[in-house]
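Atom set for the values below is all heavy atoms of this structure, side chains included, hydrogens, waters and symmetry mates excluded. Just follow the structure's listing: the first ligand is 1, and inside any ligand the first atom is 1.
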Amino acid sequence: MRSAAIAALAAIGAVSAMPSSYASFKNALNRRADGPTDTQVLQYALTLENLEKRLYADALSQFDEAAFAAAGYPSWVRGRISQIAGHEADHVSLLSGALGNASVAECTYNFPYTDVKSFVGLTTLIENVGVSAYAGAAQYITDKDYLTVAAVILSTEARHQAWESAAIGNANPWGSAYDTPLGLDMVYTLASAFITSCPDSNAALPVKAYPTLTVGEGYALGSSATFTFDDPRNATNYVVFYEGLGSRAIQLDENDSATIPTDLQGIVYAVISTSSDPSAVADDNIVAGPAILDFPFNAWTANPAFSG
Ligand SMILES: *[C@@H]1O[C@H](CO)[C@@H](O)[C@H](O)[C@H]1NC(C)=O
Ligand SMILES: *[C@@H]1O[C@H](CO)[C@@H](O)[C@H](O)[C@H]1NC(C)=O
Ligand SMILES: *[C@@H]1O[C@H](CO)[C@@H](O)[C@H](O)[C@H]1NC(C)=O
């Protein structure tokens, strides 16, 4: 019965079309001369899980039930966060077990939260990045068993994120019909902002961090926003927005500003590239980023048209 169901799903997959916008997006994700090995993908995943485990564990040791109550949260919030912390510790154990002596150890981190509320906000963003990380790395996994394990970790991270957004934050738990896959270097750029240093004994990952990109405060749909980054090149730059399986490039003006599209929703990633074509965005033309943008929307908002 199980295999019949899987066969039926496979048949559906064989005939259904990919969203057209994904073709160009996928091209960008694929642009790596050197695909990582399964071991390297697991080390990359463990690097992220180590970070998440430490994020939750440190905050829980710092903020007791009284601190959560003082922040205005009902008592179940800390209880559920403790359960999530346990999941992250389990993910670390599982990946460490799979990697054996190729495991990567915890790094030291600098998490920018200052109180319970900013901790909860940070967890929501990091869980989103976790989902994007597994989605973007899935294509490199060759061992089907690891793929299944990655899939169930991904969906669990998505439940964490959805609960943190919706149940605690009373905000939209999703962006569009699709989560946003991100390339390894894009994810590592976001994660490395929180990593101070890692043990020398950790295997070097085949990833790099791009220069930091920040977006001016108060950015909004349909308004001009300023993008700040170090630019050693003298070329025309574009901000490329990624949401779901869609992507779109918009030229920056002389002040590094651009008008934000009106059809973005939820968590959106932006990079600066010298490529005007999202499908040609690659390592050698990414100037900075990604930055994470958040466009909350209420229950009466139509689903977005953004598709690239
Ligand atoms: C890691 O484990 C493998 C398999 O058990 C073994 O062959 C290898 O020598 C070990 N490497 C190190 C650096 O300990
Ligand atoms: C940048 O490029 C423009 C046009 O290509 C040129 O006029 C300008 O002198 C260049 N600036 C620098 C600092 O190289
Ligand atoms: C860039 O900023 C300058 C100084 O504020 C302003 O005069 C100019 O109009 C701006 N350029 C654009 C394209 O908005």
**Student:** Taking the six-membered ring for Trp, is the centroid-to-centroid distance between Tyr188 and Tyr210 below 6.0 Å?
**Tutor:** no
**Student:** Which protein residues have a heavy atom under 4.0 Å from ligand 3?
**Tutor:**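 Contacts of ligand 3 under 4.0 Å: Asp253, Glu254, Asn255.
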**Student:** Quick check with a 6.0 Å cut-off and a 45 degree axis cone: is Lys117 positioned over the face of Phe68's six-membered ring?
**Tutor:** no
**Student:** Taking ring-ring contact (aromatic ring centres under 6.0 Å, His included) as the definition, give me every residue that meets it alongside Phe229, ordered by chain and number, with sequence neighbours left out.
**Tutor:**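 Not a single residue meets the ring-ring contact (aromatic ring centres under 6.0 Å, His included) criterion with Phe229.
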**Student:** Does any pair with a residue in residues 49-61 pass side-chain hydrogen bond (donor to acceptor under 3.5 Å, both in side chains), and if so which ones, sequence neighbours excluded?
**Tutor:**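 Qualifying pairs: Glu49-His91, Glu49-Tyr134, Arg54-Asp58, Arg54-Glu106, Tyr56-Glu127, Tyr56-Glu164.
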**Student:** May I have all residue pairs that pass side-chain hydrogen bond (donor to acceptor under 3.5 Å, both in side chains) and include part of residues 191-205, sequence neighbours excluded?
**Tutor:** Thr108-Ser197
**Student:** Could you check whether Tyr242 and Tyr269 have their ring centres less than 6.0 Å apart?
**Tutor:**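 No.
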